[in-house]
Amino acid sequence: MIPRRFRLKRSVLFKKACTSGKVIGHTRYFTLLGLPRLYQSDTPTRFGFVISKKVCNRAVGRNKVRRRLREIVRLEVIYPFAERIKPYIAIVLLARRTITEASYQELRQALTDCLAKSKPEQGTESPTP
RNA sequence: GGAGUUGGACAGACGAUCGCGGUUGGGGGCGCUAACGCGGCCCCAACUGAGGAAAGUCCGGGCACCACAGGGCAGGUCGCCGGGUAAAGGCCCGGUGGGAGCGAUCCCGAGGAGAGUGCCACAGAAAUGAAGACCGCCAGGAUGGCAACCCUAUCCUGGUAAGGGUGCAACGGUGGUGUAAGAGACCACCGGCAGGAUCGGAAGGUCCUGGCCAGGUAAACCCCGACCGGUGCAAGACAGGAAACACACAAAGACGGCCCGUCUGUUUCCGCCACGUCGCUAGAGCCUUACGGGCAACCGGAGGCCCAGACAGAUGAUCGUCCAGAACAGAACCCGGCUUAUGGACAACUCCGCCC
RNA sequence: GCCCUCGUAGUUCAGUAGGAUAGAACGUCUCACUCCUAAGGAGAAUGUCGGUGGUUCGAGUCCGCCCGAGGGCA
C-alpha cells in the first residue's frame, strides 16, 4: 500500500484524470493517464488505479492486480522517478485484460521501462496559470 | 487390500525486510478562537485486522421510514405428525408412510380428485357418465351350400366386458364355483374403501366386520387450513428559515394494486444537498464445560473473552525452513438458514477378497 | 450493496391457457435466365429452444437450482 498522501482520494479529481488526462504511457498490460498541474506547487503526485470487471470477474483477482500495481508504484516509481512524475497532479493506471497473465517481475519491468523511455512533454515544466 | 456410505474439524505454519486500515497512548508543528479549547496533518509505540462459503441473493428475521400498520377484497407463499429456534409456511431434529440399494445409508413437492370446473393430443368401439359391442364368444331367426337334419358361410335381432386389439391409462388382481357364453353373480386369498375395537400424544399401526361403490392430472383453475402491509442502510437522521394565502368543506398528500378508515393547513422564495458527520458494530455475540433437562435438534446453569468497521475502499512483494511453488475464493447495516464452488487429511460404519 | 428484466435458425423476433414434424422476415446455398453481374423467378438447408434436475403419459411452455447478457436505485 502506498502512503495516504500519494493516493488519489478526491472523486472529482479522479474523474477529471480519467476523462481529460493525457496518455503518458501505454503497454500491453496497462495505460497511464496523467493530469498536468495548473499551478506550481509542492503537493505530491497522487496515484489512482482502475481495474474494471472486464479484467477479472472475481474480486480476489482484481484485488491482486491492484495490490501488485500499488506495490510497484510505491517501491519503484515515487522516489526513483520523482522528477518524471512531478509535472502531474494525478496519475491513473488503467488496467487491461492481459494484466492477469503478467507476473510481478514482468509488471515491474513494464512500468519502469514505460516511464524511462517516454520523455516529458515541452511546456509542462512551466504551466500556464 | 479393494469398493462404498456418513460425520465433524482445518483452511498452511514459523522467521526476516519494506508497506497499509482501525483503536489507544505519546510527540511535533499548522489553522481558528480574547481565552478555555476545537479541527484536520505528520511521526513513533502497543494491540488488532476477511470466509467456510465473505458468493448466489433463494428463504426467514432484526433495524429504519411510511400511521407504534387498522378492516375488507385482490395477490403471494406453504402443506404427513410432533418438537426446536427471535422467526420459518421453504431450515434443523425425531417419528409415520412410500421408494432405491446385498448393506452401511440415501431420496420424497406426502392436505383434498368422496364440493365444483377444465384437460387427457394421436390411436381406439369407448377417455368419465357406471358409459361403451370393433374383432371375438353365445343364443334365436332368415338365406345359401343341400330335398331335409347335423355341420358350415353370410346377414339380422339380442346376450356377454372372460379373451384380442388401441393406448400412459379401459372401471379391482389371481384361482375356482357357476353359465348358452359370461360377469363380485358367488367363494378363498391379496389390494383399496367404509365402520368398529385396540395401541399411540399425533401422523399412523394391528385385528374384526361389511359391501364392491370410486381412472389420471391440483409443480391446471380451485377447495380446506395456516402465514404475509410496503420499501429497503443508495433505509434514514443531523436539518432549517422567511413571506404570502387560508383557517369549515373541498382539493392535494402520507412511496402498496383497489376500496374503507385514519392522519396532515397550502404555496412560493432562500439555505442545505450527489464530497461532511452519524447510522457502523457488544450482538437472538464467541469459547470452554467429567454441570442439569431432552432419544435428538436445542434449552438452562457456571466460568472466561471483546473478535474488521473501510468510503477510489485496508492483508501485498521477495527470501529461508518444515510434508508441499495446494483449491474455491475478499466484509460494505447486522444475524439465522439453504444452495452453489472447492483442497488435503481424519474418524466411524457397510460389502467383497486374502492371511492368522 | 439492493431491486428487476431477458436468453428460441447466422441476425431480428413469433410461439398466452402443456399435444407430437417449433414458425415468419432478412441473410446463406442450389437451379434456371444473361455474353457476365445485379434485381426479379423457382427450390433447399439451418435449432441439444442458455444448462441441469423434477412434475406429467408427454415440457420451448409448469416448478427448483446453476450459467450468461442487459437495465435501474442519493
Side-chain angles (χ1 to χ4, degrees):
Chain A
M1 197 59 206
I2 56 180
R4 188 180 278 272
R5 64 179 182 278
F6 295 111
R7 286 186 221 163
L8 186 48
K9 292 177 76 71
R10 289 178 62 85
S11 186
V12 172
L13 206 59
F14 205 106
K15 279 175 188 166
K16 209 171 171 183
C18 287
T19 54
S20 58
K22 292 181 180 175
V23 176
I24 59 174
H26 183 75
T27 69
R28 62 187 297 261
Y29 297 134
F30 51 82
T31 300
L32 276 168
L33 295 170
L35 189 67
R37 290 176 193 273
L38 292 177
Y39 303 95
Q40 189 78 41
S41 68
D42 291 331
T43 56
T45 303
R46 296 178 180 272
F47 288 89
F49 303 87
V50 174
I51 298 101
S52 74
K53 271 196 169 181
K54 285 190 177 178
V55 172
C56 178
N57 204 25
R58 299 292 173 187
V60 170
R62 293 197 298 274
N63 280 344
K64 191 152 187 96
V65 166
R66 192 173 64 242
R67 283 165 183 162
R68 276 182 171 166
L69 286 176
R70 280 200 290 229
E71 190 70 7
I72 293 163
V73 166
R74 181 178 70 84
L75 293 172
E76 310 289 341
V77 175
I78 289 176
Y79 293 108
F81 289 92
E83 288 302 313
R84 176 70 186 85
I85 63 174
K86 199 177 177 183
Y88 303 102
I89 187 76
I91 292 177
V92 169
L93 276 88
L94 197 65
R96 305 179 68 197
R97 190 191 292 270
T98 50
I99 203 167
T100 52
E101 304 161 6
S103 70
Y104 177 81
Q105 302 298 337
E106 286 170 336
L107 268 183
R108 191 186 62 183
Q109 199 65 37
L111 185 56
T112 51
D113 285 358
C114 177
L115 282 171
K117 281 178 185 171
S118 66
K119 289 187 175 178
E121 296 171 33
Q122 295 293 327
T124 50
E125 291 294 332
S126 56
T128 54

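Quick note: numbers below take in every heavy atom, side chains included, and nothing from hydrogens, waters or symmetry partners. Bear in mind that the values here come from a model prediction, so they are computed numbers and not experimental data. Naming: A, B, ... by sequence-line order, numbering from 1 per chain.
- When each of A:Lys64 and A:Gly48 is assigned the nucleotide of RNA chain B bearing its nearest heavy atom, the one mapping closer to the 5' terminus is A:Gly48.
- Taking all atoms of both residues into account, the shortest heavy-atom contact from A:Ala95 to A:Val65 is CB-CG1, 4.5 Å.
- At whole-Å resolution of the value, CZ in A:Arg74 and C1' in B:C20 are 9 Å apart.
- Shown here, B:C307 is classed syn by the O4'-C1'-N9-C4 or O4'-C1'-N1-C2 angle, which is within 90° of 0.
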### Task
Please step through side chain to side chain contact (heavy atoms under 4.5 Å, CB included) for the pair A:Leu111 and A:Tyr29, ending with a clear verdict.
CA-CA 9 Å; A:Leu111 185 56; A:Tyr29 297 134; over 6 Å; no

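- Between B:G112 and B:C80, the distance separating the two C1' atoms is 13 Å to the nearest Å.
- The shortest side-chain heavy-atom distance between A:Val73 and A:Phe49 falls under the 4.5 Å cut-off.
- Nucleotides B:C10 and B:G52 have their C1' atoms positioned 10 Å apart, rounded to a whole Å.
- When both pairing distances are held under 3.5 Å, B:A302 makes a Watson-Crick or G-U pair with B:U288.
- A glycosidic torsion no more than 90° from 0 defines the syn conformation; B:G132 lies beyond that range and is anti.
- Nucleotide B:U266: paired with B:A244 (Watson-Crick or G-U wobble, both distances less than 3.5 Å).
- A:Arg46 has its CZ atom 12 Å from the P atom of B:A312, to the nearest Å.
- Distance, A:Phe49 CZ to B:G313 C1': 13 Å, rounded to whole Å.
- A heavy atom lying under 4.0 Å from RNA chain B marks the following residues of residues 105-113 of chain A, by number: A:Gln105.
- B:G215 is paired with B:C120 under the criterion used here, namely a Watson-Crick or G-U wobble arrangement in which both key atom distances are under 3.5 Å.
- Regarding A:Ile78, its CD1 atom lies at a distance of 17 Å from the P atom of B:C18, rounded to whole Å.
- Spacing between C:C66 and B:A54 at atom P, rounded to whole Å, works out to 15 Å.
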Distances for protein N or O near nucleotides 325-332 of chain B N or O, under 3.5 Å:
residue: B:G330; atom: OP2; partner: A:Ala59; partner atom: N; Å: 3.2
residue: B:G330; atom: OP2; partner: A:Val60; partner atom: N; Å: 3.2
residue: B:G330; atom: N7; partner: A:Asn63; partner atom: ND2; Å: 2.9
residue: B:G330; atom: O6; partner: A:Arg67; partner atom: NH1; Å: 3.0

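- Base orientation of C:U56: syn, the glycosidic angle falling within 90° of 0.
- In summary, A:Glu83 and A:Lys86 do not engage in a salt bridge, as defined by a charged side-chain N under 4.0 Å from a carboxylate O.
- Hydrophobic clustering places A:Tyr79 together with A:Ile85 (ILVMFWY residues linked when any side-chain heavy atoms are closer than 4.5 Å, directly or through intermediates).
- Shown here, C:A24 is classed anti by the O4'-C1'-N9-C4 or O4'-C1'-N1-C2 angle, which is more than 90° from 0.
- Using the Watson-Crick or G-U wobble rule with both distances under 3.5 Å, B:G320 pairs with B:C14.
- Both key distances under 3.5 Å define a Watson-Crick or G-U pair, and stretches of 3 or more such consecutive pairs in RNA chain C run C:1-7 with C:67-73, C:10-13 with C:23-26, C:28-31 with C:41-44, C:50-54 with C:62-66.
- Base orientation at B:G184 is syn, since its O4'-C1' glycosidic dihedral falls within 90° of 0.
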#### Entry: salt bridge (charged side-chain N to carboxylate O under 4.0 Å, His left out) evaluation trace for A:Glu71 with A:Arg74
CA-CA 5 Å; A:Glu71 190 70 7; A:Arg74 181 178 70 84; 2.6 Å; yes

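- Within the model, atoms CD1 of A:Ile24 and CG of A:Leu115 stand 6.5 Å from one another, a figure rounded to the nearest 0.5 Å.
- Under the 3.5 Å distance criterion, the side-chain polar atoms of A:Arg108 are left unmatched by any main-chain donor or acceptor of A:Leu75.
- If you take atom P in C:G1 and the same atom in B:C223, they sit 42 Å apart, rounded to whole Å.
- Rounded to whole angstrom, the span from the CD atom of A:Glu71 across to the P atom of B:C319 amounts to 14 Å.
- Shown here, B:A131 forms no base pair; nothing in the strands shown gives a Watson-Crick or G-U wobble contact with both key distances under 3.5 Å.
- What separates CZ of A:Arg68 from P of B:A314 is a distance of 16 Å, to the nearest Å.
- To the nearest 0.5 angstrom, A:Phe47 atom CZ is 11.5 Å from A:Leu69 atom CG.
- In this structure, A:Arg96 contributes its side chain and A:Thr27 its backbone to a donor-acceptor pair below 3.5 Å.
- Comparing C:U61 with B:A115, their C1' atoms are spaced 30 Å from each other, to the whole Å.
- Annotation: B:C295 and B:C286 have their P atoms spaced 26 Å apart (nearest Å).
- With values rounded to the nearest 0.5 angstrom, A:Arg28 atom CZ is found 6.0 Å from A:Glu101 atom CD.
- Between B:C137 and B:A181, the two P atoms lie 14 Å apart (nearest whole Å).
- In this structure B:G279 sits in no base pair that meets the Watson-Crick or G-U test at under 3.5 Å.
- Distance A:Leu75 CG to B:U17 P: 16 Å, rounded to the nearest Å.
- Once rounded to the nearest 0.5 Å, the distance linking CZ of A:Arg62 with CD1 of A:Ile51 reads 9.0 Å.
- Nucleotide B:G7 forms a pair with B:C346, judged by Watson-Crick or G-U wobble geometry with both contacts under 3.5 Å.
- One distance of note links CD1 of A:Ile72 with CG of A:Leu107; it measures 4.5 Å at 0.5 Å rounding.
- Pairing for B:U57 is absent, with no Watson-Crick or G-U wobble pair whose two atom distances lie under 3.5 Å.
- Look at CG on A:Leu69: it is 19 Å from P on B:A312, rounded to the nearest Å.
- For the C1' atoms, the distance from B:A326 to B:G82 is 47 Å, rounded to whole Å.
- Annotation: the span from A:Leu32 atom CG to A:Leu93 atom CG amounts to 4.5 Å, rounded to 0.5 Å.
- The side chain of A:Arg66 lies closest to B:A314, out of B:A314, B:G316, B:C20.
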